[in-house]
Amino acid sequence: MTLLLEAVGHDHRDGDQLLHALNDISLTVDRGQLIALVGPSGAGKSTLLSIAAGILVPTRGTVTWIERDGAPIDISALQGREQRWWRRERLGMLVQETRLISGVDAVANVESRLLGSGIRPSAARRRAELLLGDVGLGKRMRVHVQRLSGGERRRVALAQALAADPVLLLADEPTVSLDGDAGRLVLDVLRAQARDHGRAVLMVTHDPAAAAAADHTLTLRDGRLQAEAPPRAAQGSLRS
Amino acid sequence: MIPLSSLLRFAVIEWSSARLRTVFTLLAGVMGVGIICAMLISMTSISAGAREIMTSIAGTAQLQLTARSADGVDERLVTRIRAVPGVVTAAPLLEQRATIRYGDRRVGVQLVGVTAAVGDLDGITSGPLLTGLLSVPQLFLPRAVADAAGVPDRGEPVVRVETRGLTHAVAVSDVLDEPVLGPLAAAHIAGTPLARAQAWAGLPHRVSRILVRAAPGQEAAVRTHLERLAGDALQVGTVDDELALLRRASAPNDQATGLFAAIGLLVGLLLSWMAAALTLPERRRAIIAHAEHGLPRSRIAQTILFPALLLGLISGALGVGAGVLLTHAAAHDAPGYLAFAWPLSSSQPLTPAIVAASIAAGVLISVLAAALPLLELRGDPVRRALEADHDPGETIAPTLQKRFSGLSVVAIAAAAIIAIAAPSLTVLAVVLLALGTLALIPALFCAMLAIVAAWPRRDREGVSLEAVRELRSTGVRAVALCATAAIAVFGAVAVDGARMNLLNGLYEDYEQYTASGDIWITGHGDDLALQPLLLRSDQLADLPGVATARAYGGGFTDIGDRRVWIQARDAADSPIIPPSQLQRGDLAHASAQLRAGGAITLSRQLADSAGVTVGDPYPLQTPTGRRVYTVAALTTNLGWGPGAIIMPRRDYAEAWQTASPTAIEILTRPGTAPQHVIAEIRDTLGPELAAGVRIQTAAQRNAAANDVARAGLARLRQIAIILVAGAGLALGAALATTIWQRRPTWAARAFHAFPRRLAARLILLEGLLILGTGCLVGALAGLAGHWMLGRWLEATTGYPAPFSIAPVSAAVPCAILLLIALIVTAIPADRAIRAPLKLALEPDN
């Protein structure tokens, strides 16, 4: 199963001016791979992630998901029921702004994602505990989320994203505003999700340490993919 | 569908995550439902109680013959009625208004004289109870009467039964409770054998009503026979006709309480909306998160609405309890004036229909308030959230303000058109006005903020600008608070203003009605002077202090579904028509016509329903046949809802074949003290006759009547105060919560050395801007509602209610609401601005 972006471009208007946010982007993310997309602010990283998720429709090019049986799904053409199926059954998203429910513990937060899909409360609770254990929150799962650290909350959000067992995981700045240890823990989880659970993981990051943790790093500058670089080279690109 | 168990778990998570909002929604629902439930109980209690009494007395009878004369008809007529083909049984009754006196306390009751024939109709609860009632030489009292008169349960206490100017000492055999007497235990009636009732009333062998049961299928034929037999002396109808008459009489009261029920619903809805607004951004985020995870819209809606539904059910159930408490605290008595014409009950039936309607209202309040964030489900919320350059938070978009303002203009215009073109629909117009006011609040509130921001000021510390900024950023909840204050004040000002107008109109009417005499003699508890007395005016005419003594006559007559009050005035009475009550016609000319005889005045509603006006002939059914009178003038309803007629006493005595006055009015000689004349009258009547009547100065009679009027309208005032005080408490608590939620901001301000006194000023200014705007808008709209209701009272119901504005009465609800809300806010606000500095550093979820 593979995420395939071919010659993707995206334009948007700023007043009278037409801006080319993305140009001729082609990339693939296979199962078991953790790909990092790096680049300076305004390079179009988050836009590309939204296009990959099917939230934004590209102006040019195609975004395709290849199923296990080889059947292609045109993600950018999905609408309504099919779009919801895609988000529910295939896609997991870790966004910058964690949308946790305050006043309740981590388990309840993950449970609330599962209950909506029709799972019974007892099963939802067991699965939530399992997922929180997977992201390293086994001992903190009963703590109210407002008492968790930033990194712990990010991992709760990650457990929510993984609740429906998605094959494609898209992460937007997963380590932003986290200290070294907290960021490392999040990256460990992402790496484990790719390697051990066979998910295709695409993350957008500013963080050199995050880029270093990826299998491959892609650099985006001025809306164009510069090169596919090994992790070390990408770190240099970020520093520059 | 999400399984129920999962939805329940959702609800628990939702409530745990927003405890304050949950508690507020619950309290808002309880308050709204409480008012609605109390109003529904109040509206149904009069007719339901009367129906219970009437059913208990009439049993299975379908038809009835009612005497047109207060002196009743000969009881031998019953034998002839029983002989009519198709009549299964007929039972005579003598019903008289009476008072039960024990010590200094008097209670008005309907004295019902019955025979064993009532048992054939399964009436007066039948069986052993009826046997006991007919065989015991003393009197049984229902629990409600005994409690009201303070009659003890034990020791055969002796009470005095006062009716038609006669008084009798009677021992009470027993006080009967609900298990024995059923619904009659709450009724203000006293049952006794017919012969005894006739003796007490001085009406031997007379009956006032005959109940008839017809054989199945023969009701119509029997009715035709009875109508032939009844002639002019009796009116034939169904037993249910009494209820139709009562419904007509209590309609204005029902509509006023119905209006309060609608206002209660609005207040509950607004308070719930306010509670929902406390966590609006969180709910929007939750919806976006659900959509991100591909949850179908229907399921997202379920996750939002199910907890609200459950909360609505709980608040509905608790609200029913609150409504029952409110009923007992503020709306427990039926309006006393109705008791002059119908037997009433003090029971407050909580029927399954009221419970269902109240709980439905609770669910509606909760679900509607929670449904607001579901607007996010339009289109693709995930994409919209991505494209938005900032969280919409709680600001109110200008387009939304414009739309609401447009709606407001439409609603207010519709309200004005309805109030002017169709006054009978004014209650609907007032509800539309309330909705229009609500819709105008967002624009008015934002305009108020703009004015404060632009106002030239000496506020160097910038507190007012800071307050405006804060209120703009929390626009939704600020508007919800403002709207709640507005609608509570609106309801109180509108209804209480109309109540004051009506009271003033009634006071003025009654003062002119009694102005023809310095001293009045009436039966006890007979404020409308309806019961014939065994006195003659010429007995008193020669007393040294008496200039003139004149007979006054009065009673009820049924015209269609109206039980109309007849005032029969002596030709020498001055005024003979209360000048302030004249609506059409010339006062001097009309008075002269009445004095000459053959003319009457009609209340305008009666004239309108008959299609007659001044100068037209008006046929009136009397015990001596149909008589035609000339309409001399049109008046208000003289304070009696169904309508009133003033006619010459001579004509009345002739048509109703009665020489007995229902009151005697006395003009004292100049320089004679009324109390001296009263003493002379007592001496002349002797202790026995004097004890049976009430001798009052005109001022005393006015005061007693004014008490009845005030009591009849008291529940409106009580509910208005409860509404405003409850809203003040809820608003204070909501303000306190919003201030408490901002503790990290207060801590951050303190960190940057923002003085506490300025923080306190900021809070006070925010509170005053929100509540002050709400109160101001509510009071202004309330005055418009007051005008509409006043117009409705005069034009539709015919009550005397001259419109006048008392600015103080509009200011009082505002003051109560502001004071309570600010007091409730004070301590939490003080604690909030002293929040520990570490709160400033805590991450925001």
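Chain letters run A, B, ... following the sequence lines, proteins first, then strands; residues in each count from 1.
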*Within 6.0 angstrom of B/Leu4 CG, more than 12 heavy atoms from elsewhere*: yes
*Neighbour count above 12 (heavy atom, 6.0 Å) for A/Asp74 CG*: yes
*Using a cut-off of under 4.5 Å on heavy-atom pairs, state which of B/Ile13, B/Ile300, B/Val12 scores highest against chain A.*
B/Ile13
*asked:* So, taking the atom named OG in A/Ser112 and the one named CZ in B/Arg9, what distance separates them when rounded to the nearest 0.5 Å?
replied: 9.5 Å
*asked:* To check you understand the geometry: which heavy-atom pair defines the closest contact between A/Arg88 and B/Gly294, and what is its length?
replied: NH1-O, 2.8 Å
_Quick check on A/Ile55 against chain B: is it the side chain, the backbone, both or neither that has a heavy atom closer than 4.5 Å?_
both
*asked:* Does A/Gln79 have more than 12 heavy atoms from other residues, nucleotides or ligands lying within 6.0 Å of its CD?
replied: no
*Please flag which part of A/Arg81 lies under 4.5 Å from any non-hydrogen atom of chain B: side chain, backbone, both or neither.*
neither
*Heavy atoms only, distances under 4.5 angstrom: which of B/Leu295, B/Leu8, B/Ile2, B/Leu7 has the most pairs with chain A? Name it, please.*
B/Leu295
*Is B/Arg403 atom CZ crowded by more than 12 heavy atoms from other residues, nucleotides or ligands, each under 6.0 Å away?*
no
_With rounding to the nearest 0.5 angstrom, report the CD to CG distance, B/Glu292 to A/Leu94._
10.0 Å
*With chain B, which of A/Gly116, A/Gly118, A/Ser50 has the greatest number of heavy-atom pairs at distances under 4.5 Å?*
A/Gly116
*chain B contact via A/Ala164 - which portion, at a heavy-atom distance below 4.5 Å*: neither
*N/O donor-acceptor pair under 3.5 Å between A/Arg87 side chain and B/His293 backbone*: no
*B/Ala286 versus chain A, heavy atoms under 4.5 Å apart: side chain, backbone, both or neither?*
neither
*Taking every heavy-atom pair that is under 4.5 Å apart, which of A/Gln160, A/Met93, A/Arg113 has the most such pairs with chain B?*
A/Arg113
*Verify, without hydrogens or angle tests, whether B/Ser17 (side chain) and A/Gly103 (backbone) share a donor-acceptor contact under 3.5 angstrom.*
no
*Distance from A/Asp105 atom CG to B/Ser16 atom OG, nearest 0.5 Å?*
9.0 Å
_Looking at every non-hydrogen atom in both residues, tell me the closest pair between B/Ser5 and A/Arg120 and how far apart they are._
OG-NH1, 3.5 Å
*By a 4.5 Å heavy-atom criterion (distance strictly below it), what part of A/His144 contacts chain B: side chain, backbone, both, or neither?*
side chain
*State the CZ-CG distance between B/Arg285 and A/Leu100, to the nearest 0.5 angstrom.*
10.0 Å
*Sort out for me which of A/His12, A/Glu89, A/Glu111, A/Arg125 touches chain B most, counting heavy-atom pairs under 4.5 Å.*
A/Glu111
*asked:* Between A/Ile119 and chain B, with a heavy-atom cut-off of 4.5 Å, which part of the residue counts as in contact: side chain, backbone, both or neither?
replied: backbone
